[in-house]
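This chain uses plain numbering: 1 for the first residue, then up along the sequence. Quantities reported herein were computed from a predicted structural model and do not represent experimental measurements. When a ligand or atom number is given, it counts from 1 through the structure's own listing order. Any value given below was found using the heavy atoms of this structure, including those in side chains, with hydrogens, waters and symmetry copies removed.
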Amino acid sequence: MPIGTDINHAAELLRKGEVVAIPTETVYGLAANAYNEAAVLKIFQAKQRPAFDPLIVHVHSLEQVQEVVSFQRLRRADTYRPTPAETTVTKRTLRGDDDTRKEAEALMAKFWPGPLTLVLPKSDRVPDLVTSGLDTVAVRMPAHPMALELLRSLDFPLAAPSANPFGYVSPTTAQHVADQLGEKIPYILDGGPCTVGVESTIIGWESDAEQWVLYRPGGTPVSEIEAVIGTVGQAKKSVLPASPGTLESHYAPRKPVFIGDVKSLLKEHTGQRTAVIAFTEKHEAWRTEVLSPKGNIAEAARRLFAALRSLDASEANVILAEIFPQEGLGAAINDRLRRASAKRS
Ligand code: TXA
Ligand code: MG
């Protein structure tokens, strides 16, 4: 099994245009040189990911952000100058040229390295394959020492989606990656179990609407982001066909998943081998995975995907999940469970 802790070996493979699974604080990623289209193509092939679903570019520094993001293009969008009449009535006219860039930089300063991905205008250096032809790029700096050391040893950023077959639950250990992609990739860099356990929060600047919008709740609570930049809007589904928000069925085990009031769900599934994902307490079910007996929502998030995988691999017929408290990482947990429970066509 190609699992190890050799950062130099991982770097060598990436320089040669290979893909390598890497640890991050959120979930494991399947990485390739973001500037090398042939290498990036291997990510799509290994994951069987449709080409319309763009990748996140991982960087190690604010200097590297400048390579992949075009703040000039942001400025051009921002240099809209209102007439004096408009100035008095609309909020947008109060924005200066550089406000969006400054907000992006404030978010990077506060949350990076960490589980926040920003969608910003892309530079010409980023191949269209990475962004699925969009003129924006998703970028983040992961908070995992091995990922950062690896990134610093390379002279290119890493495009990396979660290291799971498309549509399945994301991996939070090296073994999860090996179980599903082990045969298809030359190396898995083992950085231990992920400490956050759900994917990054994704927000982006939408120049038409002149606002920041949420594409995916995740490891950084939106309330903390709003404390820095003010209200974050909801992404319109139609604006972004490739966004995870429109892929209703995602992060999904093979077994049917239902989310809601577990007592009623258990009644509905009487006679079946029921497996339950619960926050703090066991249920009268065939099996229950209690994610955090002490009621710690971050611990629950950290354990969610491993629990889903283990129940999916069990003899259960059906997986039932509680609705978690919506605060903190609870929003991300509920989002993933809801999507795991969406009907697949
Ligand atoms: O925590 C994470 O974000 C993990 C680790 C590996 O960094 N990565 C991850 O990647 O979850 P992935 O590919 O599984 O999910 C990234 C999502 C995609 O569903 C894609 O639709 C969205 O990010 N995305 C990428 N580029 C985008 C863009 N330009 N505009 C809007 N959404 C974008
Ligand atoms: Mg994914």
What atoms in ligand 1 come closer than 4.0 Å to a heavy atom of [X]?
{"X": "A138", "value": "25 (C), 26 (N), 27 (C)"}
{"X": "I56", "value": "3 (O), 8 (N), 9 (C), 10 (O), 16 (C)"}
{"X": "H58", "value": "5 (C), 6 (C), 7 (O)"}
{"X": "T136", "value": "28 (C), 29 (N), 30 (N)"}
{"X": "T26", "value": "1 (O), 2 (C), 4 (C), 5 (C)"}
{"X": "L55", "value": "25 (C), 26 (N)"}
{"X": "I202", "value": "17 (C), 22 (C), 23 (O)"}
{"X": "V27", "value": "4 (C), 6 (C)"}

Contact (N/O only, under 3.5 Å) between [X] and ligand 1:
{"X": "S162", "result": "yes"}
{"X": "K47", "result": "no"}
{"X": "D53", "result": "yes"}
{"X": "E199", "result": "no"}
{"X": "S200", "result": "yes"}

Just to check, does T131 reach to within less than 4.0 Å of ligand 1 when the distance is taken from its heavy atoms?
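In this structure, T131 fails to qualify as a contact of ligand 1 - no heavy atom is under 4.0 Å.
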Close approach, K122 and ligand 1, non-hydrogen under 4.0 angstrom:
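The answer is no: ligand 1 sits nowhere under 4.0 Å from a heavy atom of K122.
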Record the part of E25 in heavy-atom contact with ligand 1 below 4.0 Å; permitted values are side chain, backbone, both and neither.
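Near ligand 1, E25 shows nothing, with every heavy atom at 4.0 Å or more.
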With backbone taken as N, CA, C and O and side chain as the heavy atoms from C-beta onward, which portion of L134 lies under 4.0 Å from ligand 1: side chain, backbone, both, or neither?
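For L134, only side-chain atoms sit under 4.0 Å from ligand 1.
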For R309, run the side-chain contact (heavy atoms from CB on, under 4.5 Å) check against T172, N164, T173, L304 and tell me which one passes.
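It is N164, the one option of T172, N164, T173, L304 that forms the side-chain contact (heavy atoms from CB on, under 4.5 Å) with R309.
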Is any side-chain N of the basic residue among R101 and E103 closer than 4.0 Å to the acidic one's carboxylate O?
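Between E103 and R101 there is no salt bridge, as every charged N stays at least 4.0 Å from the carboxylate O atoms.
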Centroid-centroid under 6.0 Å between Y28 and H176 rings
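No, they do not, as the ring centres are separated by 6.0 Å or more.
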Do the ring centers of F156 and Y35 come within less than 6.0 Å of each other?
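When the ring centroids of F156 and Y35 are compared, they turn out to be at least 6.0 Å apart.
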Distance alone, cut at 3.5 Å: any donor-acceptor contact between the side chains of [X] and [Y]?
{"X": "E322", "Y": "H283", "value": "yes"}
{"X": "T26", "Y": "R140", "value": "yes"}
{"X": "T117", "Y": "S200", "value": "yes"}

Just wondering, is there an N, O or S atom on N164 that's nearer than 2.8 Å to the Mg ion (ligand 2)?
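Looking at N164, which is the residue asked about, there is no N, O or S atom under 2.8 Å from the Mg ion (ligand 2).
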Any E105 side-chain heavy atom under 4.5 Å of L62 side chain:
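Heavy-atom side-chain distance check fails, nothing below 4.5 Å.
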Please step through side-chain contact (heavy atoms from CB on, under 4.5 Å) for the pair F111 and L118, ending with a clear verdict.
CA-CA 11 Å; F111 296 107; L118 299 176; over 6 Å; no
Aromatic rings F279 and F324: how do their planes relate, parallel, tilted or perpendicular, breaks at 30° and 60°?
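Aromatic pair F279/F324 classed tilted.
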